[in-house]
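Just so it is clear, the structure is predicted and the values come from calculations on it, not from any experiment. Residue numbers count from 1 along this sequence.
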Amino acid sequence: MSDNSVDDPAQSPALGATWYPSRWGADDQCGAGNLLGPHKVKEALSLVNRHEIVRLGHEYDAKIPLAPGRIFGLRMPGGPTGGPYGSRSKTVWNDEFLTTEIGQIGTHMDALGHLGRQVGDKADHGNIRFYNGTPLSDIWSPYGLVRLGIENAPIFFTPGLLLDVQGLKGRVMDPGEEITPADLQACLQRQGLNEEVFAPGDAVLIRTGHGSRFRTEAATFYDGAPGLGLAAAEWLATKQPCVVGADNFAVDVVPPIDPDVFHPVHQHLIMKHGIYLHEGMSLDALAATERWRFAYIFAPLPIVGATGSPGAPFALL
């Protein structure tokens, strides 16, 4: 892997001139997951007193919103699939066959190898770079990512913080509406918190209201969404979270504020800081509790080489 930390002259506003190697070294594949450990588990458990579980993800079926070109299909061969076995027990069972982009549908977490940047001729995979400046030529194979796959992510058990921008605005935010640092700061004030609430390795979740469209507007869910602008992502990155999640599909605001800068929040958080993005979350039930701090728990499926993971994140109150 190249140790050149200078990008091409046409710098991405989200990355700047020098954005790698990472603070954890040129060979790191865990990113902000390095901030986790027993101390974060202890901090998370100190927030638990109700002993209640709140789901933070949606169910998966063929009716969920899907980005163009992606599919979700579940089939059950046979009826039942197998058996009977045993002359007396006559045991049978059902199996299923699932066809989908398993790391990039519904509620999911992006791996550090999901999003990158072209810095030269796209025909040269060495000119397409990902977290830690890793070139595509070092990570891509037709059978999955060789490096930076979701199997390198940790199990997340850490304090979580909900910033309820929908509650601040008093409405569901509009597609294309940008969340600014001032919005996030106003959320803290409204929720009776200050910036000292942040600690390195926390998970920060953003409620925009777009999650309320997940079922009712599935056909247009991906047409646009409210979300973080680059300035808000830069502000959050200074707080050193391990995860930033949202109830939209990209964490970024879509369409982008600058049409020439696509998914700058992805670039800034994933590529520059190794911060994991948790997309398509369900945050209404959590907001209803008005418990802004909680234990955030998620174990990504360790599918070797996958660009992300579905699953069932939850808050422990």
Side-chain angles (χ1 to χ4, degrees), residues 23-24 28-59 106-112 150-167 184-185 187-207 211 235-247 251 269-270 273-303 308-317:
R23 59 188 283 193
W24 297 286
D28 177 64
Q29 299 189 66
C30 189
N34 286 293
L35 297 170
L36 299 180
H39 66 295
K40 299 306 294 184
V41 175
K42 184 177 180 179
E43 290 174 19
L45 288 174
S46 73
L47 300 172
V48 177
N49 51 40
R50 291 190 193 177
H51 306 109
E52 296 177 10
I53 292 173
V54 179
R55 291 180 179 269
L56 302 178
H58 294 280
E59 294 180 341
T107 303
H108 65 278
M109 175 175 283
D110 287 344
L112 299 184
I150 196 63
E151 75 276 11
N152 295 290
I155 293 174
F156 297 88
F157 196 123
T158 194
L161 170 65
L162 176 64
L163 295 178
D164 186 8
V165 186
Q166 178 183 353
L184 300 181
Q185 292 160 356
C187 279
L188 289 173
Q189 184 176 15
R190 173 182 174 269
Q191 295 168 201
L193 304 169
N194 56 46
E195 293 188 30
E196 293 179 358
V197 73
F198 294 99
D202 287 355
V204 180
L205 309 182
I206 312 294
R207 181 176 180 242
W235 184 81
L236 282 174
T238 66
K239 313 303 182 186
Q240 302 183 62
C242 66
V243 173
V244 173
D247 60 354
V251 180
L269 296 182
I270 295 179
H273 295 285
I275 296 170
Y276 294 84
L277 299 189
H278 211 156
E279 301 169 343
M281 303 190 79
S282 176
L283 300 177
D284 290 350
L286 179 60
T289 71
E290 297 190 352
R291 285 290 296 267
W292 312 121
R293 300 188 69 207
F294 46 87
Y296 162 88
I297 302 167
F298 181 62
L301 298 178
I303 303 172
S309 172
F314 62 94
L316 186 59
L317 309 182

*S309 side chain vs M109 backbone, donor-acceptor pair below 3.5 Å*: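 Flag not set: sc S309 to bb M109 has no pair under 3.5 Å.
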*List for me each residue that meets side chain to side chain contact (heavy atoms under 4.5 Å, CB included) alongside L36, sequence neighbours excluded, and say none if there are none.*
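L36 satisfies side chain to side chain contact (heavy atoms under 4.5 Å, CB included) with K40, P154, F156, T158, C242 once adjacent residues are dropped.
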*Taking only residues two or more places apart in sequence, or in another chain, which ones meet E52 in a side chain to side chain contact (heavy atoms under 4.5 Å, CB included)?*
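E52: side chain to side chain contact (heavy atoms under 4.5 Å, CB included) contacts with R50, L317.
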Got a second to check how far [X]'s [atom1] is from [Y]'s [atom2], nearest 0.5 Å?
X    : Y    : atom1 : atom2 : answer
L236 : I275 : CG    : CD1   : 8.0 Å
L283 : Q166 : CG    : CD    : 9.5 Å
L163 : L161 : CG    : CG    : 4.5 Å
H273 : L112 : NE2   : CG    : 13.0 Å
L205 : D247 : CG    : CG    : 9.5 Å
I150 : H108 : CD1   : NE2   : 10.0 Å

*Apply the side-chain contact (heavy atoms from CB on, under 4.5 Å) test between Q191 and each candidate in N194, L193, L188; give the one that qualifies.*
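Running side-chain contact (heavy atoms from CB on, under 4.5 Å) over N194, L193, L188 with Q191 returns exactly one hit, L193.
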May I ask you to test the [X]-[Y] pair for a side-chain heavy-atom distance under 4.5 Å?
X    : Y    : answer
V204 : V243 : no
V165 : R207 : no
E279 : V251 : yes
P313 : M281 : yes
P310 : L301 : yes

*asked:* So which atom in P241 and which in A32 form the shortest heavy-atom distance, rounded to 0.1 Å?
replied: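 Shortest heavy-atom separation between P241 and A32 comes out as O-CB, 3.6 Å.
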*Do the side-chain N and O atoms of Q240 and R23 include a donor-acceptor pair separated by under 3.5 angstrom?*
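Yes, R23 and Q240 have a side-chain donor paired with an acceptor closer than 3.5 Å.
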*Is E195 atom CD crowded by more than 12 heavy atoms from other residues, nucleotides or ligands, each under 6.0 Å away?*
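Atom CD in E195 is crowded, with more than 12 foreign heavy atoms closer than 6.0 Å.
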*asked:* Does atom CD1 (I155) have a neighbourhood of more than 12 heavy atoms from anything else shown, all under 6.0 Å?
replied: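 Count not over threshold, so no.
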*Quick one: list whatever passes side chain to side chain donor-acceptor pair (under 3.5 Å) with N34, sequence neighbours left out.*
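Residues passing side chain to side chain donor-acceptor pair (under 3.5 Å) with N34: D28.
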*Hey, mind stepping through Y276 and D110 against side chain to side chain contact (heavy atoms under 4.5 Å, CB included) and telling me if it holds?*
CA-CA 6 Å; Y276 294 84; D110 287 344; over 6 Å; no
_Test log, rule side chain to side chain contact (heavy atoms under 4.5 Å, CB included), inputs L277 and L269_ = CA-CA 8 Å; L277 299 189; L269 296 182; 3.7 Å; yes
_For F198, ring-ring contact (aromatic ring centres under 6.0 Å, His included) partners two or more places apart_ =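 ring-ring contact (aromatic ring centres under 6.0 Å, His included) list for F198, sorted by chain: W235.
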Run the side-chain donor-acceptor check on residues 288-300: report pairs under 3.5 Å with partners two or more places apart or on a different chain.
unit_1 : atom_1 : unit_2 : atom_2 : d
T289   : OG1    : L286   : O      : 2.6
T289   : OG1    : R291   : N      : 3.1
R291   : NH1    : N49    : OD1    : 3.1
R291   : NH2    : L47    : O      : 2.8
Y296   : OH     : H278   : ND1    : 2.7

*asked:* Working note: V197 + D202, criterion side chain to side chain contact (heavy atoms under 4.5 Å, CB included); need CA distance, chi angles, decisive distance, verdict.
replied: CA-CA 10 Å; V197 73; D202 287 355; over 6 Å; no
*Pairing residues for K42 by the salt bridge (charged side-chain N to carboxylate O under 4.0 Å, His left out) criterion, not counting sequence neighbours*: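 Partners of K42 under the salt bridge (charged side-chain N to carboxylate O under 4.0 Å, His left out) test: none.
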